[in-house]
Asker: 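Before we start, here is the structure in question, set down as structure tokens.
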Amino acid sequence: MTTKIIHFQVNGKLEKAEFGSDCSAEEVTDLFRAAAEAGPHHVLKMYNREGTVMKISPRLEANGRESYYRLEVVASDLQGVAKASDLDDMEHRLQQLEIRVLQDVGGTPDTMSELKSHVDSFKRKLESVEHLSWIGLFKDDNGDQRLAMSPPKPRTPQLSSQEERQKVRRKFLNISSLQVTEEVRELLKTPIFDNWQWEEAEMLVLLQQMFTSLDFLTAFHIELEVLQNFLFEVYCHYNNIPFHNFQHGFCVTQMMYGLIWLTDVRNKLGRTDLFIMLTSALCHDLDHPGCNNVYQINAQTDLALRYNDISPLENHHCAVAFGILAKPECNILKNVSSEQYRHIRGGMIKCILATDMARHNEILNRFRSIQSVFDFSNKEHKEVLMNILLKVSDISNEARPMAVAEQWLDCLLQEFFNQSDTEKQKGLPVSPFMDRDKVSKPSSQTSFIRFVLLPLFSELIKLFPCLEQHILEPVRTALEYYSVMEEASRDEEAPTKP
Ligand code: 5GP
Ligand code: MN
């Protein structure tokens with residue numbers, strides 16, 4: 001078997017590919033596809049120095065470093081279609097035409113209505129695929145973003161650029177010594193806190209405030225600089241995706257912080273347990289790739305392979321958290337005893353793994369069975385409670401003010417739709433609750449609130465009745481709101497009686 005070496009330039013970088021003469025055409029194409037970070041629907045073209053297109057195959061002629069080829073991703077089957085914004089113009093012209101026809105004829109002819117509904121539906125379709133831009137399906141208008149779509153795998157979604165992150169770091173460090181006002185400190189302790197008003201550097205300061213006000217720096221001998229490095233690394237390890245991003249990690253942490261202050265767990269659990277809860281909340285979705293466990297398993301992703309289909313995402317989030325802590329400059333646990341480290345590590349692993357919603361009923365039932373005899377001196381009871389508090393925080397968006405929660409729902413649905421679009425594209429099973437053709441905001445929320453949120457929150461409230469007004473009442477209000485909306489859309493769909 002002989003080995004062939006091909007030198008080529010792709011995305012501005014000089015690369016070298018090596019393959020054996022026994023490779024199939026498909027293997028060779030896949031090799032270049034991977035090098036170009038292209039998806040299965042992209043078209044690759046290889047040019048030689050004369051600009052002639054070369055066929056990508058095992059027979060591709062070997063070349064020297066100086067006579068490298070040029071590999072280009074020239075198109076995808078989604079390229080070249082009009083953008084939704086282009087249709088605005090068409091829609092406007094249609095409106096003008098309609099006005100004239102109305103003046104002339106006195107009504108909208110059927111053909112005109114039909115045309116309008118076609119434009120609408122086409123526009124909806126286009127808007128829906130534009131959401132895929134976050135995984136790089138669409139070329140950016142500025143043209144210098146790479147046209148690369150690869151299946152979601154850890155760290156592939158576009159992270160905020162290096163430069164952007166450094167800007168956030170500089171701003172965070174600049175403002176970190178400023179006092180957070182009394183008003184904001186109080187708001188941070190309640191579910192009415194509005195995350196949308198804060199930018200990332202400010203959120204990092206607020207996280208620093210949470211760690212400080214719970215006395216963690218003193219209790220675990222954490223140097224402020226190490227805490228800041230840790231928080232910044234956490235920020236860097238959340239991906240730039242619609243829902244499971246740094247803002248989500250922040251919100252879950254803030255809700256956990258609120259629950260700690262609104263209840264008396266602050267006095268009933270030890271400092272170490274509180275630390276486990278807050279840190280687990282912060283790290284619980286690190287490096288989330290934007291597609292859930294079902295996708296990971298069905299698509300046989302690297303994560304599913306690595307973790308044998310057992311909570312691949314949650315295992316990954318936790319491993320990334322300890323990867324950050326393994327860097328000495330970020331290790332907020334470096335001054336605790338090895339026994340305490342083992343305890344904290346064990347606690348965080350249990351808490352983060354418990355956020356897998358596939359284990360929801362198992363964990364809720366465990367809590368139900370001990371709730372009436374709950375004992376704060378029982379280690380197992382405390383562990384279940386810590387899991388429950390993280391689970392509650394994780395899915396607590398609907399406990400927030402309507403305006404805050406609704407934006408989160410938009411983000412969640414966008415991520416769901418992105419996943420189901422990818423699943424459709426790859427011929428994988430599609431979860432109905434993620435399917436843009438089957439889901440609406442009210443339908444998504446009424447069942448989630450009824451069957452997931454209310455049973456979980458009600459159980460926690462039996463132990464902490466004071467939480468009712470803070471988390472249960474807003475959720476009930478949200479259920480009413482979405483039920484009315486759902487009812488109204490049902491009425492709209494129902495055929496009108498003669
Ligand atoms: P996470 O993935 O954030 O760790 O786990 C929470 C999961 O619960 C989400 O991925 C999502 O599937 C579901 N979830 C959380 N909040 C909501 C919500 O407001 N509505 C619906 N329908 N699902 C939610
Ligand atoms: Mn989460």
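Atoms within each ligand, like the ligands themselves, are counted from 1 in listed order.
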Asker: Is it true that E459 and K462 make a salt bridge, defined as a side-chain N closer than 4.0 Å to a carboxylate O?
Answerer: yes
Asker: If only atom types and distance count, is the side chain of S311 paired as donor or acceptor with the main-chain N or O of L353 below 3.5 Å?
Answerer: no
Asker: Quick check on the Mn ion (ligand 2): does H284 put an N/O/S atom closer than 2.8 Å to it?
Answerer: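 It does; at least one qualifying atom falls short of 2.8 Å.
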Asker: What's the atom name of the N, O or S in D394 nearest to the Mn ion (ligand 2)?
Answerer: OD1
Asker: What about H244: any of its N or O atoms under 3.5 Å from an N or O on ligand 1?
Answerer: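 Yes, H244 has an N/O under 3.5 Å of an N/O on ligand 1.
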Asker: Go through ligand 1 atom by atom and flag the ones less than 4.0 Å from a non-hydrogen atom of D285.
Answerer: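 With D285 as reference, the close atoms of ligand 1 come out as 1 (P), 3 (O), 4 (O).
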Asker: What residue and atom, counting heavy atoms only, is the protein's closest point to atom 17 (C) of ligand 1, and at what distance?
Answerer: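 Residue, atom and distance for the closest contact: F448 CE2, 3.3 Å.
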Asker: Report yes or no: does H248 have an N/O/S atom closer than 2.8 Å to the Mn ion (ligand 2)?
Answerer: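 Yes, since at least one N, O or S atom of H248 sits under 2.8 Å from the Mn ion (ligand 2).
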Asker: Take F232 and F172, measure what ring-ring contact (aromatic ring centres under 6.0 Å, His included) needs, and give me the verdict at the end.
Answerer: CA-CA 9 Å; F232 177 69; F172 166 42; 7.5 Å; no
Asker: Any side-chain donor-acceptor pair under 3.5 Å between N239 and D287?
Answerer: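 The criterion, which ignores hydrogens and geometry beyond distance, is satisfied for D287 and N239.
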Asker: Can you check whether D394 has an N/O within less than 3.5 Å of an N/O in ligand 1?
Answerer: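 Min N/O separation from ligand 1 is below 3.5 Å for D394.
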Asker: Can you list the ligand 1 atoms lying under 4.0 Å from a non-hydrogen atom of H248?
Answerer: 3 (O)
Asker: Closer than 4.0 angstrom, basic N to acidic O: yes or no for E468 and R476?
Answerer: yes
Asker: Looking at D285, which of its N, O or S atoms is the nearest one to the Mn ion (ligand 2)?
Answerer: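 Output for this pair reads OD2.
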Asker: For L224, is the CG atom crowded, meaning more than 12 foreign heavy atoms sit under 6.0 Å from it?
Answerer: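 Atom CG in L224 is packed in, count exceeds 12.
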Asker: At less than 4.0 angstrom from any non-hydrogen atom of L412, what atoms of ligand 1 do you find?
Answerer: 17 (C), 18 (C), 20 (N), 21 (C), 23 (N), 24 (C)
Asker: Hey, what do you get for OG (S447) to CD (E486), rounding to the nearest 0.5 Å?
Answerer: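 Rounded to the nearest 0.5 Å, the OG-CD separation comes out at 7.5 Å.
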Asker: Minimum heavy-atom separation for H248 and W408, please, with both atom names.
Answerer: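 Distance-wise, the nearest heavy atoms are N-CH2, 3.4 Å.
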Asker: Does the N or O separation between S444 and ligand 1 drop below 3.5 Å for any pair?
Answerer: yes
Asker: Does ligand 1 have a heavy atom under 4.0 Å from the side chain of V452, from its backbone, from both, or from neither?
Answerer: neither
Asker: Look at atom 8 (O) of ligand 1 and say which protein heavy atom is nearest, naming residue and atom and giving the distance to 0.1 Å.
Answerer: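 It is I395 CG2, 3.6 Å.
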Asker: Going by atom types only, do Q419 and E415 share a side-chain donor-acceptor pair under 3.5 Å?
Answerer: no
Asker: Give me the nearest non-hydrogen protein atom to atom 20 (N) of ligand 1 as residue plus atom name, then the distance to 0.1 Å.
Answerer: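 The answer is Q445 OE1, 2.8 Å.
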Asker: Just which atoms of ligand 1 are under 4.0 Å from any heavy atom in F416?
Answerer: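 Near F416, the atoms of ligand 1 are 11 (C), 12 (O).
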